[in-house]
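One-based numbering, in listed order, for ligands and for the atoms of each. Hydrogens, waters and symmetry mates play no part in the numbers below; they use all other heavy atoms, side chains included.
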Amino acid sequence: MIKISPSILSADYLTLATEIKKMEDLGIDMLHIDVMDGIFVPNISFGNPVIKSIKAHTKLPLDVHLMIDRPHRYIEDFAKYADILGFHYEAGSDNAETLKKIRELGCKSSITIKPKTPAEAVFDLLRFCDMVLVMSVEPGFGGQKFLPSALEKLTALKSEIEKRGLNIDLEVDGGVNGETAESAVKAGADILVAGSYLVGSPEMEERVKYLKSL
Ligand code: DX5
Ligand code: ZN
């Protein structure tokens, strides 16, 4: 069954606890937490103090998507509250070591690729990953248009994961909505991140149901 990981990036942070409760009641699977440093991506979001507060308010697993430069510097901090901890292939230096460290710290490990990074770039890292995140927009902002080039990458990764007999979830992030979600699932996505399509929408309930039905 498809899992839903709503991104809180476009939420109203002062009413976030209520919004999270509402999503919990709708049966979402985890929360997608976008951390941006203003260096790896042009935007700044929030850091660990906010994640710590979210963790105290929910039992949902936290799916932390680091968009930060040289992520290995902060893995120990974020591992305190994350359940799935992922960082960008393009931002790190020794990515295999960072993935191993994430697992040692008790989190599921994830590597993320930007739209211009080919799927093959992470094939040799798959054995250290519990999840791979394929970006379907340039990271940095919510509300962008889904890039169809993500679809062939999902398919390529899916077949490589199967070929290697690995147990890895494929997540897709950016521009996922009523028009794009189905093709992402058909291409191999197991987890759908959705920000502006779900969070704060008066149609959240129907939309969660729709995504879950895919
Ligand atoms: C973009 C973030 C996404 C974003 C998704 O850098 O990683 O998680 O919040 O937002 P939507 O679904 O609005 O594209
Ligand atoms: Zn994200």
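Residues in residues 202-214 take part in these salt bridge (Lys or Arg N to Asp or Glu O under 4.0 Å) pairs, two or more places apart or across chains: Asp29-Lys212, Glu203-Arg207, Glu205-Lys209. Pairs of residues two or more places apart, or lying in two chains, never qualify as salt bridge (Lys or Arg N to Asp or Glu O under 4.0 Å) while including a residue from residues 31-41.
A ring-centre distance under 6.0 Å is not found for Phe78 and Phe87.
Using a cutoff of 4.0 Å between basic side-chain nitrogens and carboxylate oxygens, Lys101 and Glu104 are not scored as salt-bridged. In this structure, Lys116 pairs ionically with Glu138, as a charged nitrogen and a carboxylate oxygen lie closer than 4.0 Å. Electrostatic pairing of Lys21 and Glu24 does not count as a salt bridge here, judged by no charged N lying under 4.0 Å from a carboxylate O.
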_If you apply the rule salt bridge (charged side-chain N to carboxylate O under 4.0 Å, His left out), what do you find for Lys55 with Asp83, and how did you get there?_
CA-CA 10 Å; Lys55 188 75 185 167; Asp83 295 277; 2.8 Å; yes
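When heavy-atom distances to ligand 1 are checked against 4.0 Å, the residues falling inside are Ser7, Leu9, His32, Asp34, Met36, His65, Met67, Met135, Pro139, Gly140, Phe141, Gly142, Gly143, Asp173, Gly174, Gly175, Val193, Ala194, Gly195, Ser196, ordered by chain and number.
For the Zn ion (ligand 2), the tally of protein N/O/S atoms lying closer than 2.8 Å stands at 4.
Ring pair Phe46/Tyr13 is perpendicular by interplanar angle, where above 60° counts as perpendicular and below 30° as parallel.
Judged by distance alone, the side chains of Asn95 and Thr98 never bring a donor and an acceptor atom under 3.5 Å apart.
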